[in-house]
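Working notes, structure below.
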Amino acid sequence: MQRTGSYEVLSEREAQLRTLLLQGMAGDALAYREFLAALAIHLRGFLRRRLGQRPEEVEDLLQEVLLAVHNARHTYQAEQPLTAWVQAIARYKLADHFRGFARRDALHDPLGEEDALFGEGDEEASDARRDLNKLLEQLPERQRLPILHVKVEGLSVEETARLTGLSGSAVKVGIHRGLKALAGMIRGKPNDEDR
């Protein structure tokens with residue numbers, strides 16, 4: 001028995017999903033349900049790898065991505081690769097999710113001295129994350145997002161470029177300038193020329 005290469009398997013999966021989507025868009029409700037079910041399996045793995053620290057959020061985000069795919073299905077063009085189209089939607093939803101996560105963290109900051117008793121403890125990691133989020137919020141988006149995606153989440157420069165719409169070199173420049181600005185903030189001297 002001849003073993004099929006991974007590229008062939010991926011190409012076959014994409015062709016199958018693409019066929020189901022196009023049939024669904026043509027009115028075949030069963031094919032469309034099969035498309036969404038099969039796509040959910042692949043997206044779940046994609047999201048699990050990126051939400052490793054927060055596995056409980058995978059299913060909620062999966063539903064958001066599937067809804068976004070459903071709502072944007074009219075934008076899919078049959079000649080374009082399905083994987084790239086779905087991945088772009090998933091990455092935008094993931095970026096929105098991380099932006100919302102940073103905002104939710106800020107909402108849970110202690111409000112006053114009466115909270116000091118409960119605010120202290122062995123929670124250095126969460127304190128560090130909150131402090132980092134506060135600093136990152138002060139950066140312009142073209143610096144904040146590259147640092148968040150590459151340095152915090154561990155995405156590659158190329159993945160971050162696709163996700164943010166920046167070029168690869170703009171991502172690298174954003175990281176460099178953003179880290180320089182963060183260092184200045186920590187020293188108490190914001191570097192406005194790079195902002």
Side-chain angles (χ1 to χ4, degrees), residues 1-102 141-176 178-179:
M1 186 161 123
Q2 189 175 19
R3 192 172 168 175
T4 307
S6 62
Y7 176 77
E8 292 171 352
V9 170
L10 293 175
S11 182
E12 185 178 310
R13 283 183 194 153
E14 168 143 352
Q16 179 187 20
L17 285 171
R18 183 178 167 277
T19 299
L20 289 171
L21 173 60
L22 293 175
Q23 289 173 347
M25 290 170 63
D28 185 340
L30 179 61
Y32 190 66
R33 279 195 301 275
E34 286 179 39
F35 164 74
L36 290 175
L39 183 61
I41 292 168
H42 298 294
L43 284 172
R44 189 174 285 112
F46 173 84
L47 295 172
R48 265 196 197 118
R49 287 189 298 277
R50 281 149 182 86
L51 291 171
Q53 300 294 335
R54 295 184 291 275
E56 68 281 357
E57 298 175 17
V58 170
E59 290 303 315
D60 288 341
L61 188 55
L62 172 64
Q63 294 307 314
E64 287 183 37
V65 174
L66 288 173
L67 184 59
V69 166
H70 173 74
N71 290 336
R73 68 189 184 283
H74 67 280
T75 67
Y76 178 69
Q77 298 170 2
E79 66 278 356
Q80 84 184 109
L82 178 66
T83 302
W85 180 75
V86 170
Q87 196 172 56
I89 293 170
R91 288 185 184 280
Y92 284 118
K93 282 294 174 186
L94 196 57
D96 286 345
H97 179 76
F98 283 122
R99 278 193 291 274
F101 180 74
E141 192 170 273
R142 67 181 182 274
Q143 293 173 4
R144 181 180 65 252
L145 291 179
I147 290 173
L148 179 67
H149 295 314
V150 175
K151 298 296 184 183
V152 177
E153 297 165 11
L155 298 179
S156 71
V157 169
E158 295 79 21
E159 289 174 317
T160 300
R162 285 192 301 271
L163 185 62
T164 61
L166 298 170
S167 68
S169 61
V171 169
K172 291 176 186 176
V173 168
I175 292 170
H176 174 76
L179 291 176

Hey, what's the ring geometry for Phe98 with His149, parallel, tilted or perpendicular (30° and 60° as the breaks)?
perpendicular
With a 4.5 Å limit on heavy-atom distance, are the side chains of Leu21 and Leu82 in contact?
yes
Going from CZ on Arg91 to OG1 on Thr160, what distance comes out if it is rounded to the nearest 0.5 angstrom?
8.0 Å
I want to check something: taking the side chain as every heavy atom from C-beta on, are Leu17 and His42 in contact at a cut-off of under 4.5 Å?
yes
Side-chain touch Tyr32/His70, heavy atoms, less than 4.5 angstrom:
yes
Heavy-atom pair with the smallest gap, counting every atom of Ala161 and Gly168:
CB-N, 3.9 Å
Quick one: closest heavy-atom pair of Ile89 and Ala68, and the distance?
CG2-CB, 3.6 Å
Under-4.0 Å salt bridge between Arg50 and Glu159
yes
Report yes if the side chains of Leu39 and Leu66 come closer than 4.5 Å at any heavy-atom pair, otherwise no.
yes
Can you tell me if Gln63 uses its side chain to pair, donor with acceptor, with the backbone of Asp60 under 3.5 Å?
no
Please find the pair of heavy atoms, one from Ala90 and one from Leu43, that lie closest to each other, and give the distance.
CB-CD2, 4.0 Å
Once you round to the nearest 0.5 Å, how far does CG of Leu163 lie from CG of Leu94?
7.0 Å
For the residue pair Gly24 and Ala31, what are the closest heavy atoms and their distance?
N-CB, 4.2 Å
Quick one, Phe46 and Val65 - any side-chain contact, counting heavy atoms below 4.5 Å?
no
Glu8/Glu12 under side-chain contact (heavy atoms from CB on, under 4.5 Å): CA gap, chis, key distance, verdict:
CA-CA 6 Å; Glu8 292 171 352; Glu12 185 178 310; over 6 Å; no
Distance, nearest 0.5 Å, that separates CZ of Arg18 from CZ of Phe35:
11.5 Å
dist Thr19:OG1 -> Glu14:CD (nearest 0.5 Å) comes out at 10.0 Å
Are Gln23 and Glu34 packed together at the side-chain level, in the sense that at least one heavy-atom pair is separated by less than 4.5 angstrom?
no
Between CZ of Arg142 and OG1 of Thr164, what distance do you get to the nearest 0.5 Å?
12.5 Å
Atom pair CZ/CG of Arg44 and Leu62 - distance to nearest 0.5 Å
5.0 Å
Is Val69 close to Tyr76 at the side-chain level, that is, under 4.5 Å between some pair of heavy atoms?
no
Heavy-atom side-chain proximity of Leu51 to His97 below 4.5 angstrom
yes
